[in-house]
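What you see below is based on every heavy atom in this structure, not just the backbone, and it leaves out hydrogens, waters and symmetry mates.
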Amino acid sequence: FQSRLKKICLISPEDKTRYDKYYTKNNSILLPLLLSKTIMPVPYIKQPAGRVAVMVSHSGWQHNNHEHSFRMLKNIDNDSIIVFCPLCYGDPDYIKYVISLGKSLFGDRFKYITELMPYGDYNNYLNTEIDIYVTSSQLQTGLGASNILLRSGAKIYVGNNLYESYKHIGVQVH
């Protein structure tokens, strides 16, 4: 299949490295969506609210490995943490599982949405309400959410692929 395509466009250096390792046709090109100039902070200021809002992943797909993220957060054992999960798209059965697990681990401190917000409302919510973004995905995924949150000053904890991509362009993530 790949040999029929003139070029395969990949958006993270990690993806290009992996692709080139497995496919020797050398028909890949890196067109990064992550550029350091796109991560410039914007003047959003979060108001102290006596709690820390942690967003776990950006969608309801299994590769986001919500359970791993939830278990890490549960170990913090901090009643001031609110866990927010956007689950607007993905595998419906997995989304039900994530909701059930989130409720069982965090009770009323677990908040989720299953309907897409208008983009402006979502952007504003992330910029004003989320303090930390966590994803346990090892894939390059969730760039929109992570870039918005980086600009708002949130702390970002990401899997290897995104970590390497951000590190490559000089952006500090964890």
Margin query: Count I, L, V, M, F, W, Y as connected when their side-chain heavy atoms are under 4.5 Å apart, and connections chain through other members. Are V56 and Y89 then in the same cluster?
Written below: no

Checklist line | Hydrophobic cluster identity match, L143 and L116, side-chain contacts under 4.5 Å | finding: no

Next item on the list: For V134 and S69, work out which heavy atoms get closest and say how close.
Entry: CG1-OG, 3.6 Å

Checklist line | pair K167-V171: side-chain heavy atoms closer than 4.5 Å | finding: no

Checklist line | Joint hydrophobic cluster, L126 plus M117, side-chain heavy atoms closer than 4.5 Å | finding: yes

Next item on the list: Please report the shortest heavy-atom distance between Q138 and R18, naming the atom on each side.
Entry: O-NH1, 3.9 Å

Notebook entry, point to check: Centres of the Y163 and H174 rings: under 6.0 Å?
Noted result: no

Note to self: With a 3.5 Å distance limit and no angle check, can you tell me whether N123 reaches the backbone of Y119 through a side-chain donor-acceptor pair?
What the structure shows: no

Notebook entry, point to check: In terms of hydrophobic clustering (I, L, V, M, F, W, Y; side-chain heavy atoms under 4.5 Å; direct or indirect links), are I148 and L150 co-clustered?
Noted result: yes

Notebook entry, point to check: Tell me, do Q172 and Y166 make a side-chain contact under 4.5 Å, heavy atoms counted?
Noted result: no

Notebook entry, point to check: Can you name the closest pair of heavy atoms from C85 and V98 and give their distance?
Noted result: SG-CG1, 4.2 Å

Note to self: Other residues, nucleotides and ligands only: do more than 12 of their heavy atoms fall within 6.0 Å of NE2 on H68?
What the structure shows: no

Checklist line | Non-hydrogen atoms of S57 and Y133 that approach each other most closely | finding: O-CE1, 3.4 Å

Next item on the list: Indicate yes or no for a side-chain donor-acceptor contact from R51 to the backbone of I81 under 3.5 Å, with no hydrogens or angles considered.
Entry: no

Check: Any side-chain heavy atom of L101 within less than 4.5 Å of one from S104?
Finding: yes

Notebook entry, point to check: Does any non-hydrogen side-chain atom of L73 lie less than 4.5 Å from one of V54?
Noted result: yes

Notebook entry, point to check: Any side-chain heavy-atom pair from L162 and V173 closer than 4.5 angstrom?
Noted result: no

Margin query: Does the plane of the ring in F84 sit parallel, tilted or perpendicular to the ring in Y125? Use 30° and 60° as the thresholds.
Written below: tilted

Next item on the list: Might you confirm whether atom OH of Y94 has over 12 heavy atoms from other residues, nucleotides or ligands at distances under 6.0 Å?
Entry: yes

Notebook entry, point to check: So do H58 and T141 actually touch side chain to side chain, heavy atoms under 4.5 Å?
Noted result: yes

Next item on the list: Please report the closest heavy-atom contact between G60 and H66, naming both atoms and the distance.
Entry: CA-CE1, 4.3 Å

Note to self: For a 4.5 angstrom cut-off between non-hydrogen side-chain atoms, does V83 reach M55?
What the structure shows: no

Next item on the list: Mark yes or no for whether S137, through its side chain, and L139, through its backbone, hold a donor-acceptor pair below 3.5 Å.
Entry: yes

Check: So, the side chain of D131 versus the backbone of A53: is there a donor-acceptor pair under 3.5 Å, distance only?
Finding: yes

Next item on the list: For N64 and S59, test the side chains for any donor-to-acceptor distance below 3.5 angstrom and give the result as yes or no.
Entry: yes

Notebook entry, point to check: Which heavy-atom pair separates I156 from S146 by the least distance, and what is that distance?
Noted result: CD1-O, 4.1 Å

Note to self: Contact between P86 and Y122 at the side-chain level, heavy atoms closer than 4.5 Å - yes or no?
What the structure shows: yes

